[in-house]
Amino acid sequence: MISHIFFDIDNTLYPKSSRLLKEVDTEISQFVASYLSVSVDEAKKMRQNRGSAYATTYAWLSGEHGFGDIDAYMEAVHPRNIEDFLLKNPDLPRTLKALGRRLFVLTNAPIEHALRVLEYLEIDGCFEHIFDLKQNRYIGKPDKDIMKKNVLEAGGTPETSLLVDDMPGHVLSFMEMGGYGLVVDEDGDYEGPLPRIGSVLELTRDGINSLEGSYLAHYGGGSR
Ligand SMILES: [Mg+2]
């Protein structure tokens, strides 16, 4: 039985069409431009050419340019003016509470950004705990050991846990760890085998119950 649900934040608890995550990307290019003393256009090109060899822009900056202040980086690239992007929706807290499960956040963003978004959307009270990137030693999803540690710390087991996330790779990894998974795919462009929803607003208690009987939801389409 699914007793614990873990939610990603960005492009999951708010829609991709809000463009908040796009703004983070813009801020990252501005940060790179200022750190390397190049134009923003040049920074974008460098991120594409060199940065793409690394998991994150931060990893590239620290690997090739000696940058080491991850807290300053995280602080700089996460916008404060989230109200310019996000819309409050009273259906969101209602939907989450109606699920009747223990809810947690599992995000690769820092806690400051997580709290800013959750408080603005008025859903901070819906979650028992936020597992953020700092707590997860800047490794985070899709690392299976990290995710399993989070699940156990939340008092659950993989077999009783569900991850709701817009990144299919994170969802698949969570399933391979033994959990249930659900991809949030606003544009309908995900073509893989994992169960999907267009928005977290579609989540219902019955919908979660039906995942429990779904082989696909548990085993990632047999790719385990
Ligand atoms: Mg996300």
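Quick note: residue numbers are just sequence positions, from 1. We count ligands from 1, going down the list as the structure has it; atoms in each ligand are counted the same way. This structure is a prediction, so every number in the text was calculated from the model and none was measured.
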J.: Measure from the Mg ion (ligand 1) to each N, O or S atom of D8 and report whether any distance is below 2.8 Å.
T.: yes
J.: Are the side chains of E212 and M1 in contact, using a 4.5 Å heavy-atom criterion?
T.: yes
J.: What atom name does the N, O or S atom of D10 nearest to the Mg ion (ligand 1) carry?
T.: O
J.: Measure from the ring center of Y14 to the ring center of Y120 and say whether it is less than 6.0 Å.
T.: no
J.: If the threshold is 4.0 Å, N to carboxylate O, is there a salt bridge linking D143 and K149?
T.: no
J.: Which atom name does D166 have for its N/O/S atom nearest to the Mg ion (ligand 1)?
T.: OD1
J.: List the atom of E23, the atom of P79, and the distance in Å for their closest heavy-atom pair.
T.: CG-CG, 3.8 Å
